[in-house]
Visitor: 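My questions all concern the structure below.
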Amino acid sequence: MIKSISRRRALVAGGATLALGGIGWSQIGRAYAQGDVKDGGRLKGVLRFTGAAPAEDSVSISKDSHICGVGEVNPNPLTIGADGALKDGVVALRKVEAGKPWPAAMTQPKIDQKRCLFEPFVQVAPKGAELTIVNHDPLLHNIHTYEQIGRARRTLFNIAQPMAGQTDIAPLKVRRGFVVEIDCDAHNWMSAWIYTADHPYVAATDADGLFDITDVPPGNHELVMWHPILGEVTREITLAAGETLDLSLDMKA
């Protein structure tokens with residue numbers, strides 16, 4: 001079993017809130033038509049890692065040890081559980097033009113900075129959603145986000161957070177890609193990822209590698225599997241009206 005770094009905890013302190021000018025909710029996923037789904041199906045199952053694991057990337061904790069601790073950290077852990085269950089993967093459909101409304105829980109992405117780590121490591125959100133960023137540490141973090149476009153990347157926003165409890169809100173204004181990388185310019189081992197989507201047919205896998213996507217329009221779909229270390233794999237699926245597909249999906253290095 002390959003274990004990830006521990007996601008350490010800290011106390012929450014009060015502080016200031018700063019909202020950066022973003023786009024309204026009505027503009028999120030505006031090309032996607034939300035409504036009732038007739039005879040929707042379900043995609044569920046497990047995402048697993050197969051093959052030999054790549055070497056871990058260790059970075060020394062080089063500053064602010066009174067908060068960040070000491071030793072080394074893997075900024076992009078590959079977390080594998082029993083039977084190869086792959087945590088922090090994403091399973092999504094591509095090019096769904098109409099379907100169920102966005103669940104409220106998916107429209108409010110948030111990232112916390114605790115003990116010089118980002119939480120969560122991987123999450124999903126609508127394109128254009130406003131990301132809430134909270135610094136729980138009594139030291140400076142500088143959150144820097146990039147849109148990944150193939151091998152290139154483009155800065156989305158870059159925000160200094162010098163105070164414990166400081167909260168900022170900034171939009172995920174991706175243009176051509178789906179993946180947002182998050183770094184801290186003050187602590188080079190801090191890393192997190194957001195997979196942005198045009199529609200709600202997307203899910204991040206849990207510690208057991210499980211995913212569950214409901215009310216899927218029947219028909220032919222392109223299924224995407226993505227992981228920040230392993231990249232992207234696609235396959236074609238066909239879902240009949242009212243059908244439940246229980247999938248076993250694999251990724252490898």
Visitor: Is the closest side-chain donor-acceptor distance between W193 and D88 under 3.5 Å?
Guide: no

Visitor: Just by distance, do the side chain of N135 and the backbone of Q161 share a donor-acceptor pair under 3.5 Å?
Guide: yes

Visitor: Where the side chain of Y195 meets the backbone of V91, is there a donor-acceptor pair that is under 3.5 Å apart?
Guide: no

Visitor: For residues A253 and A52, report the shortest heavy-atom separation together with the two atoms involved.
Guide: CB-O, 3.8 Å

Visitor: Are the side chains of S248 and R48 in touch, meaning some heavy atoms are under 4.5 Å apart?
Guide: yes

Visitor: Judged by atom type as modelled, is there a donor-acceptor pair below 3.5 Å linking the side chain of T205 to the main-chain atoms of L210?
Guide: no

Visitor: Do I133 and F157 come close enough that some side-chain heavy atom pair is under 4.5 Å?
Guide: yes

Visitor: Quick one: does S65's side chain have a donor or acceptor within less than 3.5 Å of a partner on V70's backbone?
Guide: no

Visitor: Under the 3.5 angstrom rule, does the side chain of Y32 hit a backbone N or O of V96 as a donor-acceptor pair?
Guide: no

Visitor: Side chains of L247 and L223: does their closest heavy-atom pair fall under 4.5 Å?
Guide: yes

Visitor: Is a side-chain donor or acceptor of K87 paired with a backbone partner of A204 at a separation under 3.5 angstrom?
Guide: no

Visitor: Looking at Q148, is its backbone amide N or carbonyl O close enough to the side chain of E181 to form a donor-acceptor pair, meaning the two atoms are under 3.5 Å apart?
Guide: no

Visitor: If you round to the nearest 0.5 Å, how far is OG1 of T196 from CG of L156?
Guide: 9.0 Å

Visitor: So which pairs with a foot in residues 229-238 pass salt bridge (Lys or Arg N to Asp or Glu O under 4.0 Å), sequence neighbours left out?
Guide: R94-E232

Visitor: Give me the atom names and distance for the closest heavy-atom approach of V46 to D208.
Guide: CG2-O, 3.5 Å

Visitor: Just to verify, what does K252 make a salt bridge (charged side-chain N to carboxylate O under 4.0 Å, His left out) with, not counting sequence neighbours?
Guide: none

Visitor: Hey, any chance F178 and L230 share a hydrophobic cluster, counting ILVMFWY side chains that come within less than 4.5 Å of each other, even indirectly?
Guide: yes

Visitor: Take the SG atom of C184, take the SG atom of C116, and say whether they are under 2.5 Å apart.
Guide: no

Visitor: Is there side-chain contact between K110 and Q123, with heavy atoms separated by less than 4.5 Å?
Guide: no

Visitor: Sequence neighbours excluded, which residues qualify as ring-ring contact (aromatic ring centres under 6.0 Å, His included) partners of H144?
Guide: Y146

Visitor: Of all residues at least two apart in sequence or in a different chain, which pass the side-chain hydrogen bond (donor to acceptor under 3.5 Å, both in side chains) check with D246?
Guide: K44

Visitor: Using side-chain hydrogen bond (donor to acceptor under 3.5 Å, both in side chains) as the criterion, list what pairs up with H141, not counting sequence neighbours.
Guide: D137, H187

Visitor: Quick one: which residue pairs count as a side-chain hydrogen bond (donor to acceptor under 3.5 Å, both in side chains) with a foot in residues 215-231, not counting sequence neighbours?
Guide: N220-T238

